[in-house]
Every structure is written in structure tokens, then in C-alpha cells.
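Report on one structure; see the data block that follows.
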Protein chains: 2
Amino acid sequence: MDRLSNTADDILAAAQRFIVAGGYNGFSYADIAEVVGIRKASIHHHFPSKVDLVQTLVRRYLEDAVAGMTELERNAPGPPELLRTYTGFWAQCIEDASRPICVCALLASELPALPPEVAVEVRAYFQFLSGWLTRVFERGAEQGTLTVAAAPRVEAEAFMATVHGAMISARAYGDVLTFGMILAPMLQKLVPEAIPGKG
Amino acid sequence: MDRLSNTADDILAAAQRFIVAGGYNGFSYADIAEVVGIRKASIHHHFPSKVDLVQTLVRRYLEDAVAGMTELERNAPGPPELLRTYTGFWAQCIEDASRPICVCALLASELPALPPEVAVEVRAYFQFLSGWLTRVFERGAEQGTLTVAAAPRVEAEAFMATVHGAMISARAYGDVLTFGMILAPMLQKLVPEAIPGKG
DNA sequence: CTGTATCTACCTACTAGTAGGTAGATTACA
DNA sequence: TGTAATCTACCTACTAGTAGGTAGATACAG
């Protein structure tokens with residue numbers, strides 16, 4: 001057995017599943033207790049309050065995103081590959097239903113109702129992702145590997161918005177292919193040398 | 001006094017404000033009772049259950065959208081004007097904080113946790129809006145007044161997704177100008193004859 | 001007198017969170 | 001090595017407060 005019990009991780013995983021299903025107010029400690037197989041009070045042992053739990057979850061979600069993007073850039077792929085891998089990751093998450101929507105996109109939509117401690121973590125996620133995408137678009141513009149009409153920051157924000165909106169549409173239609181249907185043409189427009197029907 | 005009391009409308013208006021703030025589970029009858037200035041039980045007279053209330057709200061929201069789009073097309077404006085008016089409407093709603101996010105975009109994000117009666121209304125809204133935008137892009141493609149690379153349906157879905165995602169980003173950043181920053185360049189790309197810096 | 005709209009007063013179920021305790025593993029130290 | 005102290009992880013049982021919802025009385029208009 002590990003030095004640290006994995007119950008805390010089980011609780012976080014369950015909380016994430018509940019949050020992506022129905023947001024911050026869409027689940028209770030009782031719900032988590034049931035799926036993890038412990039009592040409500042035991043959750044409080046690991047996470048004193050619901051705010052602590054969700055704050056930890058979102059903070060770790062951002063850490064994972066940072067680590068994921070760093071890993072993604074290990075072999076120095078070009079901007080088109082980076083964007084394709086990013087959207088491909090989400091297409092996979094939606095198709096296999098493992099994470100049918102981004103935790104932070106969902107929480108951002110109900111931001112005014114979130115405890116401030118959680119809201120600040122959600123904002124941090126958006127700032128990181130926006131910054132990362134902006135750097136990708138900057139490089140793409142320098143190299144000429146991306147078709148960037150507006151400022152890189154603006155292109156990055158529009159790209160992120162489309163990805164998040166596509167997640168919501170996929171959910172609304174209950175069709176896991178909607179996400180890819182929206183994102184594929186968008187990527188094609190951004191990559192000048194893309195040859196339709198090739199690859 | 002009107003034939004119908006306006007208390008029901010007051011309740012619906014309050015519910016809408018609460019829903020755009022925090023979603024379906026982000027408010028209670030007690031919250032509504034307080035802002036409307038009646039007792040909790042009186043809400044049940046107008047809307048027997050919370051499901052009835054939100055179902056009525058979303059159904060009416062769709063009716064208003066249908067009426068709004070019909071009105072928008074009264075003077076037979078071209079596709080570019082239609083898209084500009086649509087996004088301009090939302091830019092205004094966000095800037096004056098009257099409706100900082102689309103009710104159905106928010107509810108769609110938490111769709112799996114919604115009562116089925118509400119979920120079906122939300123899906124209907126997406127289908128209507130998607131259909132309307134598809135017709136706009138079809139006409140734009142025929143007339144050559146819009147730059148449509150992919151199929152009109154796909155362009156419409158991408159456009160809608162970007163609008164919804166931009167609402168979420170605006171909320172995440174707490175910056176009412178984010179929405180316009182994202183949408184303005186997207187409109188410019190879609191309208192071939194657009195001259196930057198003019199108008 | 002009827003129907004609409006509202007009220008007070010209440011219900012049951014559930015919310016997050018607390019109090020206090022137990023079993024077992026780990027550590028400190030004589 | 002034995003044992004006492006401490007820690008981790010969980011438990012039962014409880015709290016105050018809130019959720020959506022109901023029953024029945026009252027006010028009042030046509």
C-alpha cells in the first residue's frame with residue numbers, strides 16, 4: 001500500500017464526475033460518500049469543507065493541465081500539432097465519456113454563484129490556458145505555420161471559446177461527434193498548408 | 001391591472017436572474033420569494049414545482065428567441081447584418097449586465113443533472129438556434145456575402161459554439177469587453193468585403 | 001358566491017458540518 | 001522488547017439550517 005491512502009483521490013475523482021455532470025451545487029457529500037463507499041463524516045476528515053474539496057480539485061486540475069501541456073511540448077511539435085493534439089485530447093474525452101466537459105468551463109459558467117476560493121482557481125485555469133494558447137499562436141504567426149488574421153491573444157481567446165462552446169453543444173445534442181465536427185474545420189482554416197482529404 | 005397578474009412574470013424574471021448566476025441548483029424558492037416580495041408558498045400557486053417553473057421559463061425563452069429572430073428579419077437584412085445584430089445583442093446584454101450569459105448555454109452545460117422536462121426544452125433551443133444560423137450561412141454562401149469554407153451547418157455550429165464560449169470567457173475574466181474582443185474579428189473573417197477601420 | 005391570490009404554519013427529506021469515539025498502524029523511549 | 005503516546009482513517013449520532021412542497025385560512029374582486 002502507498003504511504004498515503006488513496007481515499008482522498010477517490011473522493012476527488014468522484015467529485016469531478018459529479019461536477020462535470022451538474023456543477024458545484026449539483027452534488028452533496030452524501031452523493032460522494034455513496035459512490036466512494038465511506039460515510040459522509042469521513043469525507044470531512046480529508047476535506048474539512050466542500051469549498052476545500054472543490055478548491056483542491058480545481059487547483060490539481062490546473063496543475064495537471066500545466067503538466068500535460070509541458071509534456072505535450074516535450075518533442076517540440078509545431079503550433080498546428082499542438083492545437084490538433086489539444087483538441088484531439090478533448091474529442092477523445094468526450095467520445096469515451098471519461099470527461100464530457102471541462103471542469104473549469106462548467107464552473108466558469110456559474111462563476112457568480114461559486115465560493116470565492118473556488119472562483120479564483122477557475123480564473124487561474126482560464127488565464128493559464130489563454131496564455132498557453134497565445135504563445136502557440138504567436139509562434140504559429142512567426143513561423144507562418146498558422147493563419148493568424150487577428151492578434152495572437154485574440155485568436156487564442158477565440159479558439160478557447162470555440163472549444164468550450166463545442167463541449168456545451170455536444171452535451172446539448174447528446175452527440176459525441178458534434179465536438180469534432182466543429183473543431184476539425186476550424187483547425188483546417190488555421191493551418192494554411194493543410195490539404196483537404198490528405199493525411 | 002392586467003387580466004393576468006404580473007407576479008408570475010416577476011417570479012420568472014427572478015428565476016432567470018438566479019439561473020444565469022448559478023444554474024438550476026443555484027437557487028431556491030426561498031431566494032425567489034425574497035426578491036419578489038412574496039412567501040415561498042405563493043410561488044407554488046403559480047408554479048406547482050420547480051420543474052414547472054424552469055420549464056415554463058425555458059419554453060418562454062425559446063419563444064422569445066423565435067419572435068426576436070423573426071423581428072430581426074423583418075426588414076430582410078443580409079446574412080452579415082443578421083450575424084452582427086445577433087452578436088451585438090449579446091454584447092449589449094453582457095455589457096449592461098442585464099443577461100450576462102445565455103440561459104440555455106448555462107443549462108446545457110449542466111444538462112445531465114437537469115430534470116428531463118427542462119432538458120428537452122434546452123435541446124429545443126439549441127436546435128432552433130442552430131437551424132436559424134444554418135439558414136443564415138446558407139443564404140450567405142448562396143449570395144457570396146459570407147465566407148463559408150465548410151458546410152453551412154458546420155459553420156453555424158462553430159459560430160454558435162464561439163458565441164457561447166465567449167460568454168463563458170467573459171464571465172471567467174470578469175471583463176465585459178472580452179465577448180466583443182472575441183466576436184468582432186470572427187465576424188470580420190466571415191464578411192469578405194469588410195474593410196478594417198471603416199464604419 | 002366563486003375563484004384567484006396570497007398568507008401562516010407546517011411537513012419530510014436533505015444539506016453541510018460537528019461531537020465524540022474506535023480500531024489499527026506508527027513512533028518514542030525506557 | 002514492551003508499552004505508552006500519537007496519528008490516520010474511519011465510524012455513529014447528532015446539529016442547525018435549507019430544500020421543495022402541502023394544508024388550510026383569509027382577503028378581495030367580479
Side-chain angles (χ1 to χ4, degrees), chain A residues 1-19 21-58 60 107 110 112-119 121, chain B residues 1-59 106-107 110 112-119 121:
Chain A
M1 200 203 272
D2 296 311
R3 191 143 62 102
L4 290 175
S5 129
N6 59 352
T7 301
D9 290 334
D10 292 347
I11 292 167
L12 287 169
Q16 177 162 322
R17 284 197 299 277
F18 280 117
I19 287 177
Y24 185 86
N25 292 305
F27 73 102
S28 71
Y29 268 37
D31 294 325
I32 292 180
E34 196 184 343
V35 304
V36 174
I38 55 174
R39 300 291 153 152
K40 228 166 40 104
S42 306
I43 304 173
H44 286 285
H45 169 71
H46 297 278
F47 304 99
S49 75
K50 194 177 181 180
V51 170
D52 291 310
L53 168 57
V54 180
Q55 188 180 22
T56 303
L57 171 62
V58 179
R60 203 164 289 190
L107 290 178
E110 55 190 21
L114 293 182
E117 299 92 330
V118 175
E121 304 292 340
Chain B
M1 199 201 267
D2 297 311
R3 190 143 62 100
L4 291 173
S5 130
N6 59 354
T7 302
D9 289 335
D10 291 347
I11 292 167
L12 287 169
Q16 177 161 323
R17 284 197 300 277
F18 280 118
I19 286 177
V20 298
Y24 186 85
N25 291 305
F27 73 102
S28 71
Y29 269 37
D31 295 324
I32 292 180
E34 195 185 343
V35 305
V36 174
I38 55 174
R39 300 290 153 157
K40 230 165 37 112
S42 306
I43 304 174
H44 286 285
H45 169 71
H46 297 279
F47 304 99
S49 75
K50 193 178 181 180
V51 170
D52 291 311
L53 168 57
V54 180
Q55 188 179 23
T56 303
L57 171 62
V58 180
R59 193 171 285 168
L106 200 163
L107 290 178
E110 54 189 22
L114 293 183
E117 299 93 330
V118 175
E121 303 293 339

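In the text below, chain A, chain B and the rest are named by the order of the sequence lines, each starting its count at 1.
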Would you mind reading off the distance between R39(B) atom CZ and dT4(C) atom P, rounded to a whole angstrom?
24 Å
Taking dG17(C), dA19(D), dT12(D) as options, the one with an atom nearest any side-chain atom of Y29(A) is dG17(C)
Can you confirm whether more than 12 heavy atoms, excluding those of E117(A), are under 6.0 Å from its CD atom?
yes
Let me know the distance between CD1 of I32(B) and C1' of dT18(D), rounded to the nearest Å.
15 Å
For dC11(D) and S42(A) - does any side-chain N or O of the residue sit under 4.0 Å from the phosphate oxygens OP1/OP2?
yes
Phosphate OP1/OP2 of dC7(C) contacted by H45(B) side-chain N/O (<4.0 Å):
no
Across the strands shown, which category fits F47(B) at heavy-atom distances under 4.0 angstrom: base, sugar-phosphate, nothing?
nothing
Could you give the distance from NE2 (H44(B)) to CG (L53(B)), rounded to the nearest 0.5 Å?
10.0 Å
Rounded to the nearest 0.5 Å, the CD1 atom of I43(A) sits from the CG atom of D31(A) at a distance of 9.0 Å
Do the side-chain N and O atoms of S49(A) and D52(A) include a donor-acceptor pair separated by under 3.5 angstrom?
yes
Name the closest nucleotide to the A41(A) side chain, picking from dA13(D), dT8(C), dA19(D).
dA13(D)
Report the distance from atom CD1 of I11(A) to atom C1' of dA9(D), rounded to the nearest whole Å.
10 Å
Among dT6(C), dG20(D), dA19(D), the one nearest any side-chain atom of K40(B) is dG20(D)
From dT15(C), dG21(D), dA19(D), pick the nucleotide closest to the side chain of S49(B)?
dG21(D)
Under 4.0 Å from OP1 or OP2 of dA5(C): is there any side-chain N or O of T7(B) that close?
no
